[in-house]
Amino acid sequence: MAKKAATILILHAHHGDLMYLVDTEERQRAALRLCFNFLDGEGCYEGDEKQLDINAARTGDPNAILRTMMRRRTAEDESWEILEVPDPLDE
């Protein structure tokens with residue numbers, strides 16, 4: 001029998017990790033939006049060189065959010081990843 005897994009997004013934030021289920025495209029877009037809003041609220045995008053993308057992301061543009069999040073994916077206190085985690089009931 002094939003093992004089930006869940007797909008999660010983990011944002012490695014300064015005050016602790018945030019985790020979201022991203023097993024559908026809709027959930028992934030929602031999780032990225034929540035992460036963007038959290039980081040924006042922390043002031044992470046102040047003075048960013050791509051201000052047009054930041055402004056578009058602030059209006060909820062999913063493509064601008066994705067571009068911004070991908071561009072800064074490895075920045076300190078902004079890194080994030082998508083992982084497959086096992087279903088504990090399959091162990």
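Predicted model, so just to flag it, every value in this text is computed and none were measured.
Between Trp80 and Met70 there is a side-chain heavy-atom pair separated by less than 4.5 Å. Side-chain contact between Gln28 and Ile82 is present, with at least one heavy-atom pair separated by less than 4.5 Å. Counting only heavy atoms from C-beta outward, the side chains of Tyr45 and Lys50 never approach each other to under 4.5 Å. The shortest distance between side-chain heavy atoms of Leu9 and Cys35 falls below 4.5 Å.
For Asp23, the salt bridge (charged side-chain N to carboxylate O under 4.0 Å, His left out) partners two or more places apart in sequence, or in a different chain, are Arg27. For Glu76, the salt bridge (charged side-chain N to carboxylate O under 4.0 Å, His left out) criterion is met by no residue, not counting sequence neighbours. Residues satisfying the side-chain contact (heavy atoms from CB on, under 4.5 Å) test with Ser79, not counting sequence neighbours, are His12. Among residues two or more places apart in sequence or in another chain, the salt bridge (charged side-chain N to carboxylate O under 4.0 Å, His left out) test is passed with Arg33 by none. In this structure Asp53 satisfies the salt bridge (charged side-chain N to carboxylate O under 4.0 Å, His left out) test together with Arg67, Arg71, sequence neighbours excluded.
Other members of the hydrophobic cluster containing Met19, listed by chain and number, are Ile8, Ile10, Leu83, Val85; membership follows side-chain contacts under 4.5 Å among ILVMFWY residues, whether direct or relayed.
What you find for Pro62 and Arg29 is that their closest heavy atoms are CB-CD, 4.0 Å.
Separating the OG1 atom in Thr68 from the CG atom in Leu52 is a distance of 10.5 Å, to the nearest 0.5 Å.
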